[in-house]
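Residue numbers run from 1 in the order of the sequence given. When a ligand or atom number is given, it counts from 1 through the structure's own listing order. The structure presented is a predicted model; accordingly, all values stated were derived computationally and were not measured.
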Amino acid sequence: MAKPEIRYVCRLCGRVSARMMGRCPQCGEYDSMDEEILTPEPPVNSKKGQRGLSIQSKPMRLQEIEGGLDDRIPLSMGEFARVLGGGIVPGSIVLVGGDPGIGKSTLLLQMTMVMAGKTDHGRILYVSGEESEKQIKMRALRLLAADERKIKSLPEDLFLVTETNLDVILQHITAVKPDIVIIDSIQTVYMPEINSSAGSVTQVRECSSRLRELAKSSGIAVFVVGHVTKEGVIAGPRVLEHIVDTVLYLEGDRYQAFRLLRSVKNRFGPTSEVGVFEMRGNGMVEVLNPSEAFLAERMVNVPGSAVVVTMEGTRPLLVELQGLTSPTQFGNARRTPNGVDFNRLLLVAAVLTRRLGLHLGEQDIFVNVVGGLRIDEPAADLAIAVAIASSMKDIPVKADAVLLGEIGLSGELRWVSQLEARLKEAAKLGFKTAIVPRRIRRGEPWPEGINVVEARSLREAIQFALIADKKEN
Ligand code: TYD
Ligand code: MG
């Protein structure tokens, strides 16, 4: 018999090495190399060695293939359906990733409770490797908010099982014949014939490939939960992202209520689509008007607060940005961003210092995006700058104004994409003024209901934005 071969695989980036290393040479993580014992490959012509959807695959004409555009299982959670591209595609495999404790299990259990028994495709098997059936039931009851009527009519077609052996899980699937299977989580399941522990790169890759084969050959929709590490990489394997059809990330600040469900890959719909939820005592509640929710706690006429319209996929969202400057007590002046990029904040602070003469050198600067959102697009530069300037000068920003624009190194304002959609959303929420970069080409007229002020530079924009800031400039 051939001697089993040993190799080492990085849990984070999948880098393979022939010898053990304390630190991964690719991603630099310490202690991330897992030992993996490779069993010799079976001969290719044996049945087991045949990889693929089915052994008797056969090319077909496009017109002969069954199925249409809207062959989807409807999902009555609108925000979830939106992210999937409008319902669940039978035979698809969807990865739901996110930090531990962010609400993945809650969201999927809620989805199953909504779906189970409601449609012709309402037979669901929920496989958990992390919680017992009893714990899941407790959670389910909690989601129903102890509503007696609903508890009496618990869905009949929802099956729960705690299992981590993939072979056994596949047997359960054959027995239950569900339309939808949830695997919570992929890091807990394992194939006994592979000699490495659950959660290792090989296990995760092989298990998900097996689940994909199941999905494609049987038409069952499979949802796979994957935990994510701090760096934003699906723990274990990035490889998972290539195997599945759709990758959804559940994001948000654990200490804040809002959760964003974001699609980063979707074979059956648009990517970078976002659904907004709020984590409450009885589970995830859809936020139908997110902009309103993000602005709900805003105090108007207070220095250091500015409103920006950020694009999350195709959806404009109004978000409050707060800035605070405070004289440095000792040592170097600190810059503390929360929800915006550190380097972006440095750039904005440098432009404010050099082009507008604000003395930020001896000031600590804090910037915060309200609601636990993260804004990475440069369109928020202007709002960051104005929030800081407003705090520094102790003059509030006009309460009914939104600010949009990327800042260049010379203090000029640069164009932002999808301005029209952003302005419409601002007008819808009752904002009366928008301060935007100057247009180079005159195109269509600005959307109605909002007074658009074009500013060439950051200096001009700040003059427009701050209430009666005449004497200083
Ligand atoms: P969970 O879905 O278990 O997270 P994940 O599967 O992503 O690890 O969510 C756990 C958190 O959600 C936990 O901190 C408690 C909170 N939670 C609520 O706030 N309300 C609820 O109704 C439920 C079920 C959980
Ligand atoms: Mg969980």
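- If you look at R139 next to ligand 1, the close heavy atoms, those under 4.0 Å, all belong to the side chain.
- Atoms of ligand 1 lying under 4.0 Å from any heavy atom of T106, numbered from 1 in the order shown and given with element: 1 (P), 2 (O), 9 (O), 24 (C), 25 (C).
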Side chain to side chain donor-acceptor pair (under 3.5 Å) for T106 and R139? Distances and angles first, verdict last.
CA-CA 8 Å; T106 308; R139 188 195 297 246; 2.8 Å; yes
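- The ligand atoms of ligand 1 that sit less than 4.0 angstrom from a heavy atom of P100 are 8 (O).
- Here's the thing with H227: none of its N/O atoms is less than 3.5 angstrom from an N/O atom of ligand 1.
- When non-hydrogen atoms are compared, ligand 1 lies under 4.0 Å from neither the backbone nor the side chain of L107.
- Inside a 4.0 Å radius of atom 15 (C) of ligand 1 there is not any protein heavy atom.
- Going from atom NE2 of H227 over to atom CG of D184 covers 6.5 Å, rounded to the nearest 0.5 Å.
- Set against the non-hydrogen atoms of G103, the atoms of ligand 1 under 4.0 Å away are 1 (P), 2 (O), 4 (O), 5 (P), 7 (O), 9 (O).
- Atom 10 (C) of ligand 1 has its closest protein heavy atom at G101 O, 3.8 Å.
- Using a 4.0 Å cut-off to heavy atoms of N282, the atoms of ligand 1 that qualify are 22 (O).
- Remark: ligand 1 and E131 share no N or O pair separated by less than 3.5 Å (distance only, no angle test).
- Donor-acceptor pairing under 3.5 Å is recorded for the side chains of S305 and E320.
- Contacts with ligand 1 closer than 4.0 Å are made by backbone heavy atoms (N, CA, C, O) of D99 only, the side chain lying farther away.
- Of the options L125, D167, V181, V127, a side chain to side chain contact (heavy atoms under 4.5 Å, CB included) to H172 is made by L125 and by none of the others.
- An N or O contact shorter than 3.5 Å links G283 to ligand 1 by distance.
- Counting non-hydrogen atoms of neighbouring residues, nucleotides and ligands closer than 6.0 angstrom, the CZ atom of R374 exceeds 12 such neighbours.
- E133 contributes no side-chain N or O that, together with a main-chain N or O of L160, makes up a donor-acceptor pair within less than 3.5 Å.
- L373 contributes atom CG, which lies 9.5 Å from atom CG of L321 (distance to the nearest 0.5 angstrom).
- Between L143 and ligand 1, no N or O atom pair is found at a separation short of 3.5 Å.
- Side chain of K432 to main chain of A401: no donor-acceptor pair is present (N/O by atom type, distance under 3.5 Å, no hydrogens or angles).
- With a 4.0 Å heavy-atom cut-off, ligand 1 is reached by the backbone of R280 but not by any atom from C-beta on.
- If you check which protein heavy atom lies closest to atom 6 (O) of ligand 1, you get S105 OG, 2.6 Å.
- Looking from atom 17 (N) of ligand 1 to the surrounding protein, the closest heavy atom is M279 CE, 3.7 Å.
- Judged by distance alone, with hydrogens and angles left aside, the side-chain atoms of T162 form a donor-acceptor pair with the main-chain N or O of E131 at under 3.5 Å.
- Heavy atoms of other residues, nucleotides or ligands lying less than 6.0 angstrom from CD of Q26 number more than 12.
- Among the backbone and side-chain atoms of S128, no N/O/S atom is found under 2.8 Å from the Mg ion (ligand 2).
- Taking every heavy atom of G281 and a limit of under 4.0 angstrom, the matching atoms of ligand 1 come to 20 (N), 21 (C), 22 (O).
- Within the 3.5 Å criterion, the main-chain N or O of V370 finds no donor-acceptor partner in the side chain of N368.
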